*Asks:* 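There's a structure below that I have some questions on.
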Amino acid sequence: QVQLVESGGGLVQPGGSLRLSCTASGSIFSISGMGWYRQATGKQRELVARITSAGNTNYDDSVKGRFTISRDNAKKTVYLQMNSLKPEDTAVYYCNMMVRTIMSGTLESWGQGTQVTVSS
């Protein structure tokens, strides 16, 4: 009933930038928290950034000052602006949203993942 579709990944050189987008659709009443996670090959999925419904943000230390998370509630979209990319940022990035469905409760939804590769 709820789907998250991601876009914006790709191959960039170190120091480059990418902007990821994730848009939700379905029987949605409201969305509270939104976030981005990433999973590198052979590693566990980790939190990159989150943003609350009030606009409060938190970031993993490794991306502070380089990444910016934002949201557009009208578009049901969360963004991740990634600047000064490093090879260690290479991973599959997944968006995440806590969704209040119409006539139902809250569920955690995930995007399909988008590959970000940072390489010379």
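When reading the values below, keep in mind they use all heavy atoms of this one structure, side chains included, and skip hydrogens, waters and symmetry mates. Since we're looking at a predicted model, the values are computed, not measured. In what follows, residues are counted from 1 in the order of the sequence shown.
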*Asks:* Rounded to the nearest 0.5 Å, what's the gap from CZ on Arg19 to OH on Tyr79? Could you check?
*Replies:*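 It comes to 5.5 Å.
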*Asks:* Does any part of the side chain of Gln13, heavy atoms only, come nearer than 4.5 Å to the side chain of Leu85, both counted from C-beta?
*Replies:* no
*Asks:* Kindly indicate, with the supporting measurements, whether the criterion side-chain contact (heavy atoms from CB on, under 4.5 Å) is fulfilled by Thr117 and Leu11.
*Replies:* CA-CA 5 Å; Thr117 302; Leu11 173 64; 3.6 Å; yes
*Asks:* Is the closest side-chain heavy-atom distance between Val118 and Val12 below 4.5 Å?
*Replies:* yes
*Asks:* For Asn83 and Ser17, which heavy atoms make the closest approach, and how far apart are they?
*Replies:*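 Asn83 and Ser17 have their closest heavy atoms at OD1-OG, 2.9 Å.
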*Asks:* Would you say the side-chain atoms of Gln112 pair up with the backbone N or O of Glu6, donor to acceptor, closer than 3.5 Å?
*Replies:* yes
*Asks:* For the atom pair CG (Leu4) and NZ (Lys76), what is the distance rounded to the nearest 0.5 Å?
*Replies:* 11.5 Å
*Asks:* Please round to the nearest 0.5 Å and tell me the distance separating atom CG of Asn96 and atom SG of Cys22.
*Replies:*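 Asn96 CG to Cys22 SG: 8.5 Å, rounded to 0.5 Å.
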*Asks:* Search all heavy atoms of Tyr37 against all heavy atoms of Arg45 and return the closest pair with its distance.
*Replies:* CB-CG, 3.7 Å
*Asks:* Mind checking whether Val2 and Met97 have side chains closer than 4.5 Å, heavy atoms only?
*Replies:*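 Sidechains of Met97 and Val2: no contact.
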*Asks:* Do Ser21 and Lys75 have side chains that get closer than 4.5 Å, going by heavy atoms?
*Replies:*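 Counting from C-beta outward, Ser21 and Lys75 never come under 4.5 Å.
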*Asks:* With a 4.5 Å cut-off on side-chain heavy-atom distances among I, L, V, M, F, W and Y, is there a chain of contacts connecting Tyr59 to Leu18?
*Replies:* yes
*Asks:* Decide, yes or no, whether a salt bridge links Asp89 with Lys86 under the criterion of side-chain N to carboxylate O below 4.0 Å.
*Replies:* no
*Asks:* Do the side chains of Asn56 and Asn58 get nearer than 4.5 Å, heavy atoms only?
*Replies:* no
*Asks:* Do Met82 and Trp36 come within less than 4.5 Å of each other through their side chains, counting heavy atoms only?
*Replies:*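 SC-SC contact between Met82 and Trp36 ruled out.
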*Asks:* Can you establish whether the number of heavy atoms outside Gln3 located under 6.0 Å from its atom CD is more than 12?
*Replies:*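 No, the 6.0 Å shell around CD holds no more than 12 heavy atoms from other groups.
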*Asks:* Please identify each residue that fulfils ring pair (Phe, Tyr, Trp, His ring centres under 6.0 Å) with Phe67, with sequence neighbours left out.
*Replies:*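 Partners of Phe67 by the ring pair (Phe, Tyr, Trp, His ring centres under 6.0 Å) criterion come out as none, since no residue qualifies.
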*Asks:* Evaluate the side-chain proximity of Val63 to Arg38: yes if any heavy-atom separation is below 4.5 Å, no if none is.
*Replies:* yes
*Asks:* Indicate the atoms forming the closest heavy-atom contact of Ser109 with Val99, along with that distance.
*Replies:*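 Closest heavy-atom pair between Ser109 and Val99: OG-CG2, 4.1 Å.
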*Asks:* With rounding to the nearest 0.5 angstrom, report the CG to CE distance, Leu80 to Met34.
*Replies:*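 Leu80 atom CG to Met34 atom CE measures 13.5 Å (nearest 0.5 Å).
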*Asks:* Side chains of Val78 and Ile69: does their closest heavy-atom pair fall under 4.5 Å?
*Replies:* yes
*Asks:* Phe29 and Ile102: which non-hydrogen atoms are nearest, and at how many Å?
*Replies:*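 Heavy atoms of Phe29 and Ile102 come nearest at N-CG1, 3.8 Å.
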*Asks:* Side chains of Thr23 and Thr77: do they bring a donor and an acceptor to under 3.5 Å?
*Replies:*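 A pair is found: one side chain offers a donor N or O, the other an acceptor, under 3.5 Å apart.
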*Asks:* CD of Gln44: more than 12 outside heavy atoms within 6.0 angstrom?
*Replies:*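 For Gln44, atom CD is not crowded (no more than 12 foreign heavy atoms under 6.0 Å).
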*Asks:* Which distance, rounded to the nearest 0.5 Å, do you find between the OG of Ser27 and the CD of Gln1?
*Replies:*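 Between atom OG of Ser27 and atom CD of Gln1 there are 4.0 Å.
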*Asks:* Between Val92 and Leu20, is there a shared hydrophobic cluster once you connect ILVMFWY residues whose side-chain heavy atoms come closer than 4.5 Å?
*Replies:*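 Each belongs to a different hydrophobic cluster.
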*Asks:* In chain order, what residues pass the salt bridge (charged side-chain N to carboxylate O under 4.0 Å, His left out) check against Lys43, with sequence neighbours excluded?
*Replies:*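 Lys43 satisfies salt bridge (charged side-chain N to carboxylate O under 4.0 Å, His left out) with no residue once adjacent residues are dropped.
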*Asks:* Would you please name every residue forming a salt bridge (charged side-chain N to carboxylate O under 4.0 Å, His left out) with Arg100, sequence neighbours left out?
*Replies:*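 Listed in chain order: nothing, the list is empty.
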*Asks:* Check whether more than 12 heavy atoms from other residues, nucleotides or ligands sit under 6.0 Å from atom CD of Gln39, and answer yes or no.
*Replies:* yes
*Asks:* Does Ile31 form a side-chain contact (heavy atoms from CB on, under 4.5 Å) with Arg71? I'd like the steps, not just the answer.
*Replies:* CA-CA 10 Å; Ile31 304 172; Arg71 62 191 286 166; 4.2 Å; yes
